[in-house]
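Only a predicted model underlies this, so the values are computations on that prediction, with no experimental measurement involved.
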Amino acid sequence: MNKIYEDMDWLPVEKAAEYLSHKTKSNISDIDVLRLCLFGKLKISIYFSGSVPVTRGKLMHATDARLNKAIEVRSDTGAGLPVFANKHLIFESDDYIIRELNGIQDLSMVGEEGWLVDLEYRKRAALPSAPKPNYQLVFLSAPNHEYDYQLYTSQPEAYLQQNNIQPNIHSIDNYVAALSLPDDSFLVIRTQALKEYLLTIQSAAKNTLDKELTTKELKSFQIIVGVLAKQAKYNILKASAAAESIAAATEIIGHKLSASNIEEKLKSIPKEIKDSLDNL
């Protein structure tokens, strides 16, 4: 893998697959990368070749809206349209002023942008396409998740003239809600997102290893206790009586343990270990 990847802010999907393959010492394809993005395991972004118009706001559940009444659905902005019907999401904006974004932006994966990533995944995997949503808007997210953005596209000049609308790059009257991503944009993965994903799988692997070590250590401890008990003539098959004797001994050495606590530990020794003690 080219070490220069480490110094890049983002990588195309194919190069992201190479990066993950190298780091995990496994064979990860561009299809795998897109599937991770679809399942929310890896953040996916879009690179805009030029500036794109957006409104700034926040995606939220309808019940969390700050306004006293439901946001009116306006055909020119699409404000308040549910993104996914089962999630009842709305996009709430305070000002509906058009702003411009460019370069790399994160995809929210809740509107049309999610379907477009799924479409790309299915195309690369040679799978049938999913039905296109009847009417989905396009949403982006700020890297710090402080804001979300709804993507717009310019109204045709003929429309502006016909409706006597003066050109204004910040007026929403000059734009219409976008239903797709620009043709000259392309999917990318932030290098930081790749590093964060690697940390999550490394943490999961460490937790699994720690659990395996804990299990092995416990079994080793139980074997030692069983052998010592056998050598000391304690019958751990009769856990209650053995626990009373051991409890008395712990009190003598100044580290008293309750008989009930010891009995619980003796009973937790697996049957296979207890049975093997007969060989002594």
Side-chain angles (χ1 to χ4, degrees), residues 9-10 34 36-120 132-155 168-182 185-194 196-197 200:
D9 291 336
W10 55 266
L34 290 174
L36 287 171
C37 297
L38 288 170
F39 279 90
K41 302 294 185 181
L42 179 63
K43 190 71 177 176
I44 189 166
S45 306
I46 191 81
Y47 186 87
F48 294 115
S49 300
S51 297
V52 294
V54 298
T55 52
R56 190 179 70 186
K58 195 71 179 171
L59 284 163
M60 64 183 73
H61 287 273
T63 54
D64 296 331
R66 292 167 295 172
L67 303 184
N68 293 328
K69 61 180 181 179
I71 298 176
E72 180 183 1
V73 177
R74 290 163 49 190
S75 60
D76 59 333
T77 66
L81 280 176
V83 183
F84 281 152
N86 61 337
K87 290 188 176 181
H88 302 291
L89 290 174
I90 61 171
F91 179 75
E92 184 174 285
S93 178
D94 292 327
D95 51 26
Y96 291 108
I97 294 174
I98 291 293
R99 296 168 168 83
E100 288 189 340
L101 296 179
N102 55 47
I104 182 172
Q105 304 294 332
D106 295 337
L107 296 178
S108 295
M109 297 297 285
V110 296
E112 180 79 1
E113 70 282 0
W115 180 81
L116 291 170
V117 173
D118 181 70
L119 182 67
E120 183 64 20
K132 182 176 174 62
N134 291 330
Y135 185 67
Q136 292 279 10
L137 307 177
V138 180
F139 295 99
L140 311 168
S141 293
N144 57 9
H145 304 293
E146 182 179 0
Y147 296 109
D148 297 299
Y149 301 97
Q150 182 181 340
L151 186 64
Y152 279 74
T153 187
S154 299
Q155 289 276 20
N168 184 337
I169 62 171
H170 298 298
S171 172
I172 200 167
D173 293 333
N174 286 250
Y175 302 87
V176 63
L179 303 181
S180 185
L181 292 165
S185 62
F186 52 92
L187 298 174
V188 300
I189 311 291
R190 291 183 189 270
T191 310
Q192 183 60 35
L194 292 168
E196 290 171 359
Y197 171 70
T200 61

To the closest 0.5 Å, what do you measure between [atom1] ([X]) and [atom2] ([Y])?
X      : Y      : atom1 : atom2 : answer
Glu113 : Ser141 : CD    : OG    : 8.0 Å
Leu34  : Leu42  : CG    : CG    : 9.5 Å
Gln150 : Phe139 : CD    : CZ    : 4.5 Å
Glu112 : Leu181 : CD    : CG    : 8.0 Å
Tyr152 : Ile98  : OH    : CD1   : 6.0 Å
Leu140 : Ile104 : CG    : CD1   : 11.5 Å

Show me, pair by pair, the donor-acceptor contacts under 3.5 angstrom made by side chains of residues 43-50, not counting sequence neighbours?
from  : atom 1 : to     : atom 2 : distance (Å)
Lys43 : NZ     : Leu107 : O      : 3.2
Ser45 : OG     : Asp106 : OD1    : 2.6
Ser49 : OG     : Asp184 : O      : 2.8

**Asked** Do the non-hydrogen side-chain atoms of Arg99 and Val54 ever get within less than 4.5 Å of each other?
**Response**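 Touching, per the 4.5 Å side-chain cut-off.
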**Asked** If we only count heavy atoms from C-beta on, is the Pro182 to Leu151 side-chain gap below 4.5 Å?
**Response**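 Pro182 vs Leu151: side chains touch.
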**Request:** Go through the steps to decide whether Leu137 and Leu179 satisfy the test side-chain contact (heavy atoms from CB on, under 4.5 Å), and finish with yes or no.
**Result:** CA-CA 5 Å; Leu137 307 177; Leu179 303 181; 4.1 Å; yes
**Test side-chain contact (heavy atoms from CB on, under 4.5 Å) applied to Cys37 and Ile189, step by step** = CA-CA 9 Å; Cys37 297; Ile189 311 291; 3.8 Å; yes
**Prompt:** Which heavy-atom pair separates Leu116 from Ser180 by the least distance, and what is that distance?
**Reply:**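 Heavy atoms of Leu116 and Ser180 come nearest at CD1-OG, 4.0 Å.
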**Asked** Looking only at heavy atoms, which two atoms of Tyr149 and Arg56 are closest? And how far apart?
**Response**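 Distance-wise, the nearest heavy atoms are CE2-CG, 3.6 Å.
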**Prompt:** So Met109 and Leu38, side-chain contact (heavy atoms from CB on, under 4.5 Å) or not? Walk me through it.
**Reply:** CA-CA 8 Å; Met109 297 297 285; Leu38 288 170; 3.9 Å; yes
